[in-house]
Amino acid sequence: MRSTLITDIAELTTVDPEGRVLQDAAVVVEDERIAWIGAAADAPDADDRVSVGGRAVLPGWVDSHTHLVFDGDRSAEFEARMAGESYAAGGIGVTTSATRAASDDRLAELVRGRVADAVAGGTTYLETKTGYGLTVAEEARHARLLAGLREEGLVDEVTFLGAHLVPPGRDAEDYLDDVVGPMLEAVREHASWVDVFCDTGAFDAEQTRRVLAAGVAAGLGVRLHGNQIEQGPGVGVAVEFGAASVDHVNHLSDADVEALAGTWTGWDRASATGTPGTVAGCLPACDLSTRAPLAPARRLLDAGIEVSLASNCNPGTSYTTSMNFNVGTAVLQMHLTLAEAVRAATLGGALGLRAQDRVGSLEVGKRADLHVLDAPAAIHLAYRPGMPLTHAVWRAGRRAV
Ligand SMILES: N=CN[C@@H](CCC(=O)O)C(=O)O
Ligand SMILES: [Zn+2]
């Protein structure tokens, strides 16, 4: 077992149950895990020693919502939106055509490039989805590709989103017969989550229930896209199914907030122990890119709901993997404190992926996923928005940046 002492940390944000932020700290990494955390002056000996030169260190970002398997360009759609058009689910069909036409090698290269960008920005644990294939053969091809990248340790969690859109020209019920039948059968060995875009222009509550029930029967965990375009049934169905996460949550009724809060009654937020409920996944870059009202992250936290921040990288509504941007925006525009935003982008995402025992905070025994900022304090993420603040990254104990 080889150990590395990472020292000269000016500020160490642990996101541990006490929310400790240590000054003049050090961390010892042994193989892929954290073996020790404390004051630099008390640090034990280790095989190797790395000084981060008085910089701030955080847990690596947990990006719990991305769509990285895509080809094609939708910048004209974005430009039209900036000129006043509204976002509509139908744009997914444009990406689907381009993605179907891409070879396996090209798609793999595109996803690898996007993952590399994410890691270069401090992301160390990443979920990504199918959903731009929308035929049995294509969804299976995308799920296989992602499972291969997961084997290589490039992505961490794979989600099946066959119910992203009814492909143009197909009848909805007929398409869903495919989704819950041969498509699910083809992807289930590659994915660990089932997801549905439950919203205006995509799938309604009954259709969503049908897909989720089939996914659960196939052994998959539940997550959902909901309440992005309008108030609707997404959050209610997510709660009904005990979803790990419902993402977007821009348009919420009081009953939606109450229902989400009701899922967290068995959870002790202060000690981060108990039975987690349904995380409210907030996607600030997506909200800005669609000119949607920002998800009410402040209100959700105040109601006792665990919130995540994720990039939602996709070509339609959020073409960025920058978690630094999302965290800065959450502080600047969603009125989260720095500590709340960092927790949402680390432990919040981990809870939304039910990976909180392994990642999402810097604690002894957890995966050694560390993000070193080129700054003495983490508040620089909001104080210097848009600046290249990621200095170094360790992913599972290995230097990645
Ligand atoms: N909302 C549904 N799916 C994606 C966008 C898909 C697209 O427009 O290509 C999202 O999370 O925003
Ligand atoms: Zn999405």
| request: Would you please name every residue forming a ring-ring contact (aromatic ring centres under 6.0 Å, His included) with Phe70, sequence neighbours left out? | output: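 If we apply the ring-ring contact (aromatic ring centres under 6.0 Å, His included) test to Phe70, skipping adjacent residues, the hits are Tyr319.
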
Less than 4.5 Å apart, side chain to side chain, heavy atoms only: is that true for [X] and [Y]?
X	Y	value
Asp178	Arg170	yes
Leu145	Val69	yes
Ser3	Trp36	no
Val179	Leu184	no

| Please walk me through it: do His225 and His65 pass ring-ring contact (aromatic ring centres under 6.0 Å, His included)? | CA-CA 10 Å; His225 285 67; His65 185 141; 4.5 Å; yes

Salt bridge or not for [X] and [Y], using N-O below 4.0 Å?
X	Y	answer
Asp105	Arg112	no
Glu306	Arg269	yes
Glu109	Arg106	no
Glu32	Arg398	no

For the pair [X] (side chain) and [Y] (backbone), establish whether a donor and an acceptor sit closer than 3.5 Å, ignoring hydrogens and angles.
X	Y	answer
Asp256	Ser253	yes
Thr14	Leu362	no
Thr208	Cys198	no
Ser311	Cys313	yes
Arg114	Val111	no
Arg395	Leu154	yes
Arg223	Asp195	no
Glu139	Phe160	no
Ser64	Ala310	no
Lys129	Gly162	no

| Steps toward side chain to side chain contact (heavy atoms under 4.5 Å, CB included) verdict (His248, Asn312) | CA-CA 9 Å; His248 284 290; Asn312 188 23; 3.5 Å; yes

| After noting the C-alpha distance and the side-chain angles of Glu363 and Lys366, does the key distance pass the salt bridge (charged side-chain N to carboxylate O under 4.0 Å, His left out) rule? | CA-CA 6 Å; Glu363 292 178 77; Lys366 280 201 171 179; 3.7 Å; yes

[X] [atom1]: over 12 foreign heavy atoms closer than 6.0 Å:
X	atom1	value
Glu79	CD	no
Arg399	CZ	yes
Glu151	CD	no
Met82	CE	yes

| Distance-minimising heavy-atom pair for Asn326 and Ala285 |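 Minimum heavy-atom contact is OD1-N, 2.9 Å.
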
| request: Please name the residue in the list Arg74, Gln228, His67 that meets the side chain to side chain contact (heavy atoms under 4.5 Å, CB included) test with Thr317. | output: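 The single option meeting the side chain to side chain contact (heavy atoms under 4.5 Å, CB included) with Thr317 is Gln228.
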
| said: side chain to side chain contact (heavy atoms under 4.5 Å, CB included) for His371 and Thr390? Distances and angles first, verdict last. | reply: CA-CA 7 Å; His371 182 193; Thr390 297; 2.8 Å; yes

| said: For a side chain to side chain contact (heavy atoms under 4.5 Å, CB included) check, start with the C-alpha distance between Arg55 and Glu11, then their side-chain angles and the critical distance, and finish with the verdict. | reply: CA-CA 7 Å; Arg55 294 184 169 84; Glu11 178 194 88; over 6 Å; no

| message | Would you say the ring centers of His190 and His142 fall short of 6.0 Å from each other? | response |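 No.
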
| said: Here's a test for you: under side-chain hydrogen bond (donor to acceptor under 3.5 Å, both in side chains), which of Thr290, Asp287, Asn227 qualifies with Asn250? | reply: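 When Thr290, Asp287, Asn227 are each tested with Asn250, the side-chain hydrogen bond (donor to acceptor under 3.5 Å, both in side chains) holds only for Asp287.
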
| query | Would you say the side chains of Glu157 and Tyr125 form a donor-acceptor pair under 3.5 Å? | reply |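 There is such a pair between these side chains.
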
